[in-house]
Structure formats: structure tokens, C-alpha cells
Protein chains: 2
Amino acid sequence: MTIATATRFRQVCAEHGLTATHQRQILFEVLQGMTGHPSPEKVYAKVKRRIPSVSLATVYKNIHLFIASGIFREVSLHHGSLRVEVNSRPHHHLVCTVCRSISDIDEKDLGLLQKPKTLSSGFLVERYAVDVLGRCPSCQEKP
Amino acid sequence: MTIATATRFRQVCAEHGLTATHQRQILFEVLQGMTGHPSPEKVYAKVKRRIPSVSLATVYKNIHLFIASGIFREVSLHHGSLRVEVNSRPHHHLVCTVCRSISDIDEKDLGLLQKPKTLSSGFLVERYAVDVLGRCPSCQEKP
DNA sequence: TTACAGATGATAAGAATTATTGTTTAATAA
DNA sequence: TTATTAAACAATAATTCTTATCATCTGTAA
Ligand SMILES: [Mn+2]
Ligand SMILES: [Mn+2]
Ligand SMILES: [Zn+2]
Ligand SMILES: [Zn+2]
């Protein structure tokens, strides 16, 4: 870790009211150096190289803390348990970032996309799934 | 169950090459009668009212079977484990429906949306997350 | 009707995540 | 600097969700 990195980490912690612990700093640096969408286990493996005594629970807790603070995001808000889609109409989803409730919105009511069927990357498109992220009516009351 | 429903179920099974068992029929009817995005436990509870001896494992297995056959969908392809987003640029995701790999696509390269900031439903929009579902290059080889 | 591949129910096992608890540490003020 | 204390930590038990195993049963087609 460079002095600059360390300083920036302390700044980030100050901004979000977090205690600047050694474990958090290494986790922060490890995450910044990773690509893709790593799992907690993958992150843990990397942190452990630099802090052999680190606990998996600490990695989980601090990933959640970083996410709650907005320092990092999670890839998907619905990574929990399996849910069955029983609505056969073409539709998308309104996902509340606070309570994680999911409600349907008809494709036409969203009215926003012209969907390219091919992408330069060689990916064969089947369909688009849009999550509109935000706050549901009942979660707008408390700030 | 009406005769019509039973007949339609047999037809669906025939189309997809599935054995038409009693458990599957009740599951099918229960799913069709539900709204929202039920969990396997919720579905199990309803099936159990009509077949008290049914096993949770059977419900899981047949939900997966229905999904694999395309009779129902799952709400999200990434409902597995937590993944950290370490890419801070505005981007969306290409999700392979076969191997479930997730790769990034820059917002501008997707180039498709004009995003309404308000929705009639009273939902407060923060941002949009688009999953482009389809087949990644390596999964296009096998049909 | 019978044979049998495939489905079911009971339950053990596994994977991912969270809770608990005793110990250690970072921040702050004397 | 050192003492104080709330917060964070490591270790690990517990919980939740899902899948695997296996003995028994059943739907299908000959
Ligand atoms: Mn839906
Ligand atoms: Mn991404
Ligand atoms: Zn909400
Ligand atoms: Zn693929």
C-alpha cells in the first residue's frame, strides 16, 4: 500500500463515519484491485494473503458495511432465494433498494427501450430484463 | 381443478416431454393461481394443502423442471450468492442463460435507454440496472 | 397387465450467511 | 503518552436455503 492509498482510505472512512481498521483497509485495497464480480470467498482468499489471521465473518461484515455506505455495490439486489415468476406478460421490475420488495411494471408502461438484438461482443441476445432501482412508496417516508 | 385445466396440464407435459404426475399437476395449478414472486417455501405451503404428503424436495425439483422447460421463469438469474461490484463506471450486464456468467457492458455501448425519472406508481427512481440475457460466445457452440 | 424408467418422500448433507462471545484495537481525552 | 471505552475482531456455532441420497412407488407403453 502506498501512502496515497492509505490516505485516501482514511478519507473515505471519515466521509462515511467508519473506523479505519487495518482489516478494512486491506479489504478496500483488495476490492479495488479485483475485476469482475467476486464472491465473498474469493475476496477472503485475497485478504487472507495479506492478513493470515483474518476471519471470513469479518470479510462478510465489512463487505456489507461498504455496500451500506455506498462505497461499493452489490451486483444484484435479488441474490437471495429462488423466486418463481408467475406473471407471463412481458414486464420488468421495480426493486426497492431499502426493503428489497419487487413489483411488476408492464413493458409498455416503462416505455423506454429500443433493444439492439446483436451486440458487438458476440453475445447472442434473447431478451432484456430491466430493474428499476429506487424507493417504493412506503420506504420514501423515512429518510 | 376443472377438466379443462387437467387437460391443458397434460398437453403442456406432452409438449415438453414430462411425465404427468399428480404432484406436478397440483404444483402447476398452484403456481398459476399465485401472484407476485413466490419462494419455494410459499409454493410448498400451498401445494401441501392439497397434497399433505408432498415433500419440499419434490417442489424444488419440479420448480426447476418447469423453469428448465420454459413453462415458468425464475425472477432473476443471479439469485445465488452475494457478488461485489468493483467496476465503478456506469454499466450494465450481459448474463448468459446457459452458464450464468456475468460480464460488463458500458452504458453507452448498450445505447438504448432514455430513462424516465418518475413513474406513475409513486416509485422513486434512483437508477436502472439492465440485464441483457442471452448466450455468451462459448455457449453458442452447443445447441 | 406387466416391466421399468423415472418420480416421490424422508431425510442427510452441503453451501452460504449470520449470530454469538470472549478478546483485541482504534479513537479520544486526560 | 497513557487510560478509557465503544467498536471491531477471530473463532466458531447456528441458521437458512438448496441439493443429494436412497428406498419405495407410479405413469407409461408394450
Ligand atoms: Mn415479475
Ligand atoms: Mn459489473
Ligand atoms: Zn421499500
Ligand atoms: Zn455461457
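In the text below, chain A, chain B and the rest are named by the order of the sequence lines, each starting its count at 1. Worth knowing before you read on, the calculation uses all heavy atoms, side chains too, and leaves out hydrogens, waters and symmetry mates.
An OP1 or OP2 oxygen of dT17(C) is reached within less than 4.0 angstrom by a side-chain nitrogen or oxygen of Tyr60(A).
Under the ring-ring contact (aromatic ring centres under 6.0 Å, His included) criterion, Phe28(B) pairs with Phe9(B), not counting sequence neighbours. In this structure, the side-chain hydrogen bond (donor to acceptor under 3.5 Å, both in side chains) partners of Thr97(A), at least two apart in sequence or on a different chain, are Glu126(B). Legend: residues meeting side-chain contact (heavy atoms from CB on, under 4.5 Å) with Ser103(B), ordered by chain and number and at least two apart, are Leu94(B). For Tyr60(B), there are no side-chain hydrogen bond (donor to acceptor under 3.5 Å, both in side chains) partners, not counting sequence neighbours.
Where the helix from dT1(C)-dA30(D) to dA30(C)-dT1(D) starts and where it ends, the local axes point in directions that differ by 30°; five pairs per end, rounded to 10°.
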Identify each donor-acceptor pair in which a side-chain atom of residues 33-42 of chain B lies under 3.5 Å from a protein atom, sequence neighbours left out, and give them as a table.
| residue | atom | partner | partner atom | Å |
| --- | --- | --- | --- | --- |
| His37(B) | NE2 | Glu85(A) | OE1 | 3.4 |
| His37(B) | NE2 | His93(A) | NE2 | 3.2 |
| His37(B) | NE2 | Asp104(A) | OD1 | 2.8 |
| Ser39(B) | OG | Lys42(B) | N | 3.2 |

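Residue order along DNA chain C, read from the 5' end via each residue's closest nucleotide, puts Pro52(B) first among Ser81(B) and Pro52(B).
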Atom pairs under 3.5 Å, N or O on each side, protein against nucleotides 28-30 of chain C: can you list them with distances?
none

Can you pull every protein N or O that's under 3.5 Å from an N or O on nucleotides 2-9 of chain C?
| residue | atom | partner | partner atom | Å |
| --- | --- | --- | --- | --- |
| dA7(C) | OP1 | Arg24(B) | NH1 | 3.4 |
| dA7(C) | OP1 | Arg24(B) | NH2 | 3.2 |
| dA7(C) | O5' | Arg24(B) | NH2 | 3.4 |
| dT8(C) | OP1 | Thr21(B) | OG1 | 2.6 |
| dT8(C) | OP2 | Asn62(B) | ND2 | 3.0 |
| dT8(C) | O3' | Gln23(B) | NE2 | 2.9 |
| dG9(C) | OP1 | Gln23(B) | NE2 | 3.1 |
| dG9(C) | OP2 | Ser55(B) | N | 3.2 |
| dG9(C) | OP2 | Thr58(B) | OG1 | 2.9 |

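Here salt bridge (charged side-chain N to carboxylate O under 4.0 Å, His left out) pairs that include residues 91-102 of chain B, with residues two or more places apart or in two chains, are Glu74(B)-Arg100(B). The list of salt bridge (charged side-chain N to carboxylate O under 4.0 Å, His left out) pairs with a residue in residues 5-26 of chain A, not counting sequence neighbours, is empty.
The footprint of chain B on DNA chain D, defined by a heavy-atom cutoff below 4.0 Å, extends from dC17(D) to dT28(D).
Rounding to the nearest 0.5 angstrom, the gap separating the CG atom in Asp131(A) from the NE2 atom in His92(B) is 11.0 Å.
Using a 4.0 Å cut-off on heavy atoms, none of the residues of residues 66-79 of chain B approach DNA chain D.
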